[in-house]
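Residue numbering restarts at 1 for every chain, and letters A, B, ... go by the order of the sequence lines. Because only heavy atoms are used, hydrogens play no part in the values below, and waters and symmetry mates are left out as well, while side chains stay in.
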Amino acid sequence: MSSSVLTTGFSEVRVRFAPSPTGYLHVGGARSALFNLLFAKHNHGKFILRIEDTDQARSTEESLQMMIQDLKWLGLNWDEGPNPETLKDMGPYGPYKQSERLDIYKKVADQLLAEGKAFYCFMTDAELEIEREKIKAAGLHTHVLSPYRNMSLADAQKKMAGGESAVVRLKVPDDEKDYNLHDFIRGDVRFPSDMEGDFVLLRSDGMPVYNFCCVIDDHMMKISHVLRAEEHLPNTLRQLMIYEAMNWTIPQFGHLSLVLDDDRQKLSKRKGAVSCDQFRLDGYLPAAMNNFMALLGWSHPEEKEILSLQEMISAFTLNRVHVAGAVFDRVKLKWMNAQHLRALPNEKIWKQIEPFLKEAGLNLPTDSDWQVRSVETFKAYMEVLKDAVALYSPLDDSKYEILPEASEAYAMEPTRAVLAAWKELVEAHPTETFTEADFLKIQDEVKAKTGQKGKNLFFPIRVALIGKPHGAELKILVPLMHKKSIIARAQKALEKC
RNA sequence: GUUCCCAUCGUCUAGUGGCCUAGGACACCUCCCUUUCACGGAGGAUACACGAGUUCGAAUCUCGUUGGGAACGCCA
């Protein structure tokens with residue numbers, strides 16, 4: 001219940017996912033969003049989407065659209081933020097795009113400047129570089145103390161009036177105190193005070209920088225819990241310093257472990273798909289994606305593995321979040337997708353695979369009875385929706401071809417005789433379609449006629465039907481096919497002998 | 001280099017001092033089902049990084065070592 005996770009100063013659980021629209025939605029980001037949503041919903045709180053687009057050079061409208069689309073696809077619905085359809089703000093704490101909040105940041109910076117807690121800094125890149133080198137050589141943590149930190153505001157303004165440009169830096173306290181953070185998933189974390197130098201709040205063009213906006217927005221949007229990836233842990237010190245300078249109530253921080261590649265480095269593009277979009281295109285189900293991502297660092301109290309979003313919400317608590325990094329195992333994801341897929345009713349599965357079949361240009365029957373039967377036949381062979389393409393291709397006559405794998409069958413001596421008998425018996429069949437029993441009967445007749453059995457019997461028949469010696473059970477496949485196409489295929493197979 | 005974080009099967013994890021000769025899941029192997037394959041079912045192999053301590057008792061607590069990761073920007 002929300003009361004147990006709230007600290008003083010906060011009346012409801014409010015969490016946010018704050019991506020910057022500079023590319024596709026990464027699965028690591030999606031996982032952060034998911035954990036925030038699970039935590040919010042479990043505690044009857046609000047999940048907020050905030051867009052961090054202060055890096056004007058890299059932020060794009062297109063990327064924002066993509067992220068919103070991916071979040072929608074995953075079903076990670078937010079209570080406040082850009083409306084998923086219109087992109088107009090919804091919720092009482094807007095604007096939710098940082099580029100529209102510039103005057104707010106400016107005002108806070110002015111206050112800090114006036115109070116002497118921040119200052120204008122005129123250091124050039126070259127000077128900064130030299131300073132960093134010196135610090136590095138001394139074996140210290142890279143942080144810069146600006147020589148301008150004690151210049152008066154009036155002097156600085158005079159300098160600027162003369163045309164010099166400056167950034168605004170926070171004047172970090174020089175007392176030797178350590179900063180203690182009680183991270184709600186990692187426990188106590190201690191930052192030494194000299195870990196941080198005077199850091200930038202406002203760039204020389206006046207644009208605010210991440211750590212600054214983040215604190216201001218979290219405060220003004222009444223964010224009670226900041227749940228984000230571990231890479232932000234060092235940022236927390238800077239943010240604590242800003243909270244302190246502003247004398248604002250500090251939210252609870254929690255840092256999630258990283259999602260790793262199989263080489264145990266932060267998940268990156270070079271090892272395969274990392275964008276949600278790509279998983280959608282490959283035929284993964286949002287339910288499976290969410291389930292899998294949740295289990296990267298969280299476990300169900302009863303160790304259940306296949307979970308719906310609703311089940312995850314009701315079971316989600318922070319004390320079951322694991323602190324160590326987790327490797328993104330694509331093989332297990334696939335298995336999990338198959339589990340979710342097979343749990344769906346056949347009609348729903350058809351709906352899901354249909355766009356993939358269309359995309360592949362397959363021409364398949366349109367009656368729903370056939371569709372449902374076909375799904376029943378194939379679903380045990382499908383892990384991702386895209387697998388349907390290869391499975392259904394054999395049913396499209398224009399796609400029938402004898403594959404290289406069939407050479408195994410052609411190498412067998414009795415193949416020709418079996419094929420001939422098969423074709424003959426199919427032609428003699430009185431109706432246009434076949435039941436399972438019809439097929440088995442014909443198969444028996446081929447057996448009787450040729451004296452072949454086992455592999456010698458069914459490999460050739462299989463090739464005559466699907467072009468390869470392995471695949472779905474023929475007795476279920478044949479009822480999905482038409483007599484004339486079976487004959488045409490048998491003819492083709494025979495010609496290969 | 002500096003600071004911080006982390007450490008149970010190959011992988012995701014359970015485990016909060018005795019229930020652990022460490023449990024589950026994926027993957028792997030064997031068998032069963034099946035006139036192939038897949039699905040399904042039954043079994044198997046595989047892990048507490050190392051070293052000290054605390055304790056009657058340690059995967060669990062403490063310290064150290066080693067290893068891994070992240071961060072050190074006028075990116076977020």
Can you tabulate the close N/O pairs, meaning under 3.5 Å, that link protein atoms to atoms of nucleotides 41-46 of chain B?
none

Original post:
Of A:G187 and A:N235, whose nearest nucleotide on RNA chain B comes first from the 5' end?
Top reply: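 Here A:G187 is the residue nearer the 5' end.
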
Original post:
RNA chain B: A:R31 or A:F458, which has the more 5' nearest nucleotide?
Top reply: A:R31

**OP:** Only one of A:T54, A:D53, A:D55 passes side-chain hydrogen bond (donor to acceptor under 3.5 Å, both in side chains) with A:S99; say which it is.
**Re:** A:D53

**OP:** May I ask you to say whether A:K106 pairs ionically with A:D110, meaning some side-chain N is under 4.0 Å from a carboxylate O?
**Re:**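 A:D110 and A:K106: salt-bridged.
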
Original post:
Salt bridge check: are A:R330 and A:D262 linked by an N-O gap of less than 4.0 Å?
Top reply: no

Strictly by Watson-Crick or wobble contacts shorter than 3.5 Å, is anything paired with [N], and which nucleotide is it?
N: B:U30; value: B:A42
N: B:C37; value: none
N: B:U65; value: B:A49
N: B:A71; value: B:U2
N: B:C56; value: B:G18

Provide, to the nearest angstrom, the distance between the [atom1] atom belonging to [X] and the [atom2] atom belonging to [N].
X: A:L128; N: B:G73; atom1: CG; atom2: P; value: 9 Å
X: A:Y210; N: B:A71; atom1: OH; atom2: C1'; value: 13 Å
X: A:E376; N: B:G40; atom1: CD; atom2: P; value: 14 Å
X: A:M195; N: B:G73; atom1: CE; atom2: P; value: 11 Å

Original post:
Taking it one step at a time, do A:E131 and A:K134 satisfy salt bridge (Lys or Arg N to Asp or Glu O under 4.0 Å)?
Top reply: CA-CA 5 Å; A:E131 201 54 32; A:K134 268 201 277 188; 3.8 Å; yes

Suppose you measure atom [atom1] in [N] against the same atom in [M]; what distance do you get, rounded to whole Å?
N: B:C61; M: B:C74; atom1: P; value: 39 Å
N: B:A76; M: B:A52; atom1: C1'; value: 43 Å
N: B:A58; M: B:G18; atom1: C1'; value: 10 Å
N: B:G24; M: B:U66; atom1: P; value: 36 Å
N: B:A71; M: B:C48; atom1: P; value: 31 Å
N: B:U16; M: B:U2; atom1: P; value: 38 Å
N: B:U13; M: B:U34; atom1: P; value: 39 Å
N: B:C50; M: B:U60; atom1: P; value: 10 Å

[X] side-chain proximity, nearest of [options]:
X: A:L296; options: B:C12, B:G40, B:C4; result: B:C12
X: A:V189; options: B:C5, B:A38, B:U35; result: B:C5
X: A:R342; options: B:G24, B:U36, B:G40; result: B:G40

Original post:
For A:H219, which residues count as a ring pair (Phe, Tyr, Trp, His ring centres under 6.0 Å) partner, sequence neighbours excluded?
Top reply: A:W248

When you check the phosphate oxygens OP1 and OP2 of [N], does a side-chain N or O of [X] lie under 4.0 Å from one of them?
X: A:S257; N: B:C6; value: no
X: A:R320; N: B:G15; value: yes
X: A:S299; N: B:A14; value: yes
X: A:H322; N: B:A14; value: yes
X: A:R169; N: B:C74; value: yes

Original post:
side-chain hydrogen bond (donor to acceptor under 3.5 Å, both in side chains): which pairs involve residues 180-189 of chain A, sequence neighbours left out?
Top reply: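 Matches after skipping sequence neighbours: A:N180-A:R190, A:H182-A:D188, A:D183-A:H255, A:R186-A:E230.
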
Give the table of side-chain donor-acceptor pairs shorter than 3.5 Å for residues 316-327 of chain A, with sequence neighbours excluded, one pair per line with atom names and distance.
from, atom 1, to, atom 2, distance (Å)
A:T317, OG1, A:N319, OD1, 2.7
A:R320, NE, A:S299, O, 2.8
A:R320, NH2, A:S299, OG, 3.1

Distances for protein N or O near nucleotides 64-70 of chain B N or O, under 3.5 Å:
from, atom 1, to, atom 2, distance (Å)
B:G69, OP1, A:Q265, NE2, 2.6
B:A70, OP1, A:K266, N, 3.3

Original post:
Are the aromatic ring centres of A:F439 and A:F434 under 6.0 angstrom apart?
Top reply: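 Judged by ring-centre distance (under 6.0 Å), A:F439 and A:F434 do not meet the cut-off.
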
Subject >> Interface residues of residues 326-337 of chain A with RNA chain B (non-hydrogen, below 4.0 angstrom) >> reply: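 Only A:A326, A:V327, A:D329, A:V331, A:K332, A:W335 qualify.
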
Original post:
So what does A:R58 hit on the nucleic acid, given a heavy-atom distance under 4.0 Å: a base, only sugar-phosphate, or nothing?
Top reply: base

Original post:
Is A:E52 touching bases, backbone alone, or none of the nucleic acid, heavy atoms closer than 4.0 Å?
Top reply: sugar-phosphate

Original post:
Side-chain donor or acceptor of A:Y381 under 3.5 Å from a matching atom on the base of B:C39?
Top reply: no

Original post:
Just one of A:F279, A:F328, A:W335 clears the ring pair (Phe, Tyr, Trp, His ring centres under 6.0 Å) bar with A:F292, so which one?
Top reply: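 Result for ring pair (Phe, Tyr, Trp, His ring centres under 6.0 Å) with A:F292: A:F328.
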
